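These notes concern the structure reproduced below.
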Amino acid sequence: MFCCAFMWKSGGEDLQGFYPVRPECQSDVPRTRFKSRAGKTLSARRWHAAFTEDGHLDMEKVLRRIQRGGIHPSIKGAVWEFLSGCYDPDSTFDERTKLRDLRREQYGSWKEECKNMVPVVGSGKYITMAVVSENGQPIEDSSVENQGWIVKTAVTDDRTLQWMLSLHQIGLDVARTDRYLSFYENDINQSKLWDVLAIYTWLNLDIGYVQGMNDICSPMIILFEDEADAFWCFERVMRRLRENFRATATSMGVQTQLGVLSQVIKTVDPRLHQHLEDLDGGEYLFAIRMLMVLFRREFSFLDALYLWELMWAMEYNPNMFATYEELENRNNNNAADDPKLLKRYGKFERKYVNSGNNERHSNTIAVFVVASVLQTKNKRLLKEAKGLDDVVQILGDIAGNLDAKKACKEALKIHEKFLKKVSFYHFFSNFLKV
């Protein structure tokens, strides 16, 4: 992870030095708004103080601090492992060390399996040209572009072929990922990103590799020194997002969330929704990128990470680790009836726990953050948008001009308004049936 001497400015600590931008790219990236603020941001000192002597973590205290001011870059990776569900806050230091060792061993085994099929894996290089054709035949002139390696015999196994066909696309996307960051001037770091994405794809061929996964994975490569740890954090984050990337010949997984977004705007801002409908934008396809890569294009690198951790803290569910590990749920009792247990949930998640609504896969806070962005541009969209190109241009102007914390606060307000209106509609409908 990048570190630098601390620089203090009025209003907070300047953290851009943790993720330095290449000098020639300074003018091309959105400006960073996030600053570490004493008493609000989760600092290294506060983080370490949140553990008991044997390693149990006071997640309630941690969530409260994150939701107030984000996480200091020096501890981001460690905190993300809990926010993403890699580790259980109720575990001990020893339990987590054993689990980490097992996971690193497992990742090493998967990596070796992939390397036996494609020796470029783990070599410090990566592939940018197709190595096999659609029918599994080797592409002999791919050697120069692929570090001197070629497939020597026809690939007949369908799973292996599907995976090999994706490797060069992963490489092409890796070459473009966060190139403005000094971190990726080092080819080794790019190869780590390619390795993690290639191995993840091999293990998840039901979805495969889809452009945008590189934008989700890149921060993990930067935050974690150990490639295996980066993989596992990425894998857990993808548990939340993977359905967005699932695609068929006729649909994309993210359309489910777009449908929810449409319903939210129709409920809380019917005039804007009707205007977008009139422009043939009622399917909200212009919001695909925001939801697929979680606003990576709309924020600077540091601000995007800040937004992610705010959303994850607000969505935090203490049962996440047990669910992912398929263990017996430690918190089976009804959290809605236990105020102390309820405090271990994020602000956004509590609303669903209180309502007893557990079927809400698509109603993530990201949908409501997009709704908050649309609300901030309400007047311009209604006045200036004469077609979908205008909508895209107006929303494109938000890059570098959004405040992550304000966007999340507005998202919570819209969520509250939406739930109240939906509850009223249901009550009124039931009343009429009586």
Side-chain angles (χ1 to χ4, degrees), residues 1-4 14-34 70-74 76-77 80 84 124-128 166-201 209-227 229-238 241 244-245 288-312 366 396 398-402 404:
M1 189 191 325
F2 280 115
C3 289
C4 67
D14 180 16
L15 304 171
Q16 189 60 53
F18 278 86
Y19 316 107
V21 174
R22 295 163 61 180
E24 67 272 23
C25 300
Q26 292 282 353
S27 60
D28 299 327
V29 298
R31 67 190 180 95
T32 295
R33 290 170 170 264
F34 175 70
I71 304 167
H72 193 278
S74 62
K76 242 179 230 301
W80 278 25
S84 63
K125 306 293 183 180
Y126 60 95
I127 286 171
T128 56
S166 69
L167 295 180
H168 75 286
Q169 186 57 58
I170 296 174
L172 291 172
D173 288 344
V174 162
R176 294 189 288 258
T177 304
D178 295 330
R179 289 294 292 154
Y180 60 89
L181 294 176
S182 299
F183 180 84
Y184 283 118
E185 288 184 288
N186 186 332
D187 291 344
I188 295 295
N189 293 330
Q190 286 187 302
S191 71
K192 285 182 179 179
L193 177 58
W194 184 79
D195 283 347
V196 168
L197 289 169
I199 294 165
Y200 179 83
T201 303
Y209 174 76
V210 180
Q211 191 174 58
M213 290 181 179
N214 53 309
D215 293 296
I216 302 299
C217 187
S218 174
M220 285 56 167
I221 302 300
I222 295 173
L223 292 178
F224 294 95
E225 291 184 12
D226 191 288
E227 186 182 306
D229 297 342
F231 169 86
W232 283 106
C233 188
F234 172 64
E235 192 273 341
R236 290 305 156 103
V237 168
M238 284 299 295
L241 302 174
N244 277 357
F245 291 95
I288 283 179
R289 190 180 70 184
M290 293 185 201
L291 292 172
M292 290 282 280
V293 299
L294 294 182
F295 305 90
R296 281 297 315 272
R297 300 291 186 275
E298 285 69 36
F299 289 88
S300 70
F301 183 80
L302 183 55
D303 284 346
L305 304 197
Y306 176 41
L307 177 67
W308 287 9
E309 60 208 24
L310 285 178
M311 293 194 295
W312 295 342
I398 66 177
N401 295 311
L402 279 178

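What you see is a predicted model; the values in this text were computed from it and never measured.
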task: Might you point out which heavy atoms bring Y209 and S166 nearest each other, and give the distance in Å?
output: CB-CB, 4.4 Å
- prompt: Between N189 (side chain) and F183 (backbone), is there a donor-acceptor pair under 3.5 Å?
  reply: yes
- line: When rounded to the nearest 0.5 Å, the distance separating CH2 of W194 from CD1 of I221 is 13.0 Å
- request: Quick one: list whatever passes ring pair (Phe, Tyr, Trp, His ring centres under 6.0 Å) with Y200, sequence neighbours left out.
  value: F234
task: Would you please test F18 and L302 for side chain to side chain contact (heavy atoms under 4.5 Å, CB included) and show each step?
output: CA-CA 9 Å; F18 278 86; L302 183 55; over 6 Å; no
message: Return the SG to CG distance between C233 and D226, rounded to the nearest 0.5 Å.
response: 12.5 Å
- prompt: Excluding sequence neighbours, so at least two apart, what forms side-chain contact (heavy atoms from CB on, under 4.5 Å) with R236?
  reply: S84, C86, R103, W232, R239, Y324, E325
- request: Could you tell me which non-hydrogen atom of I222 sits nearest to which non-hydrogen atom of F301, and how far apart they are?
  value: CD1-CZ, 3.5 Å
Quiz item: cation-pi between K76 and Y19, 6.0 Å / 45°: no
- prompt: Between S218 and Y184, which heavy-atom pair has the shortest distance, and what is it?
  reply: OG-OH, 2.9 Å
query: CD1 of I188 to CD of E227: how many Å apart, nearest 0.5 Å?
result: 10.5 Å
query: Any side-chain heavy atom of F245 sitting closer than 4.5 Å to one from M238?
result: yes
- prompt: Pairs in or reaching into residues 16-26: which pass salt bridge (charged side-chain N to carboxylate O under 4.0 Å, His left out), with residues at least two apart or in two chains?
  reply: R22-E24, R22-E185
message: Run the side-chain hydrogen bond (donor to acceptor under 3.5 Å, both in side chains) test against R176 and tell me which residues pass, sequence neighbours left out.
response: D173
message: For M290 and I398: C-alpha separation, side-chain torsions, deciding distance, then whether side chain to side chain contact (heavy atoms under 4.5 Å, CB included) applies.
response: CA-CA 12 Å; M290 293 185 201; I398 66 177; 4.2 Å; yes
- prompt: Atom CZ in F299, atom CZ in F34: separation rounded to 0.5 Å?
  reply: 13.0 Å
field: Pairs involving residues 288-306, ordered by first then second residue, that meet side chain to side chain donor-acceptor pair (under 3.5 Å) (sequence neighbours left out)
entry: T32-S300, D178-R296, D215-R297, R289-E298, S300-D303
message: Is there a side-chain contact between I216 and W308 in this structure, where contact means two heavy atoms from C-beta onward sitting under 4.5 Å apart?
response: yes
message: For the CG atom of L307 and the CZ atom of R33, what is their distance to the nearest 0.5 Å?
response: 13.0 Å
task: Go through V237 and M220 one step at a time and tell me if the side chain to side chain contact (heavy atoms under 4.5 Å, CB included) criterion holds.
output: CA-CA 10 Å; V237 168; M220 285 56 167; 3.5 Å; yes
- prompt: With D187, which residues qualify under side-chain contact (heavy atoms from CB on, under 4.5 Å), at least two apart?
  reply: Q190
field: Residue that, paired with L193, satisfies side chain to side chain contact (heavy atoms under 4.5 Å, CB included) out of L197, V196, D195
entry: L197
query: Under 3.5 Å, side chain of E309 to main-chain N/O of W80, donor-acceptor pair present?
result: no
Distance, nearest 0.5 Å, that separates CG of L294 from CG of L241: 5.0 Å
- prompt: Which heavy atom in G70 sits nearest to a heavy atom in L310, and how many Å separate them?
  reply: N-CD2, 4.5 Å
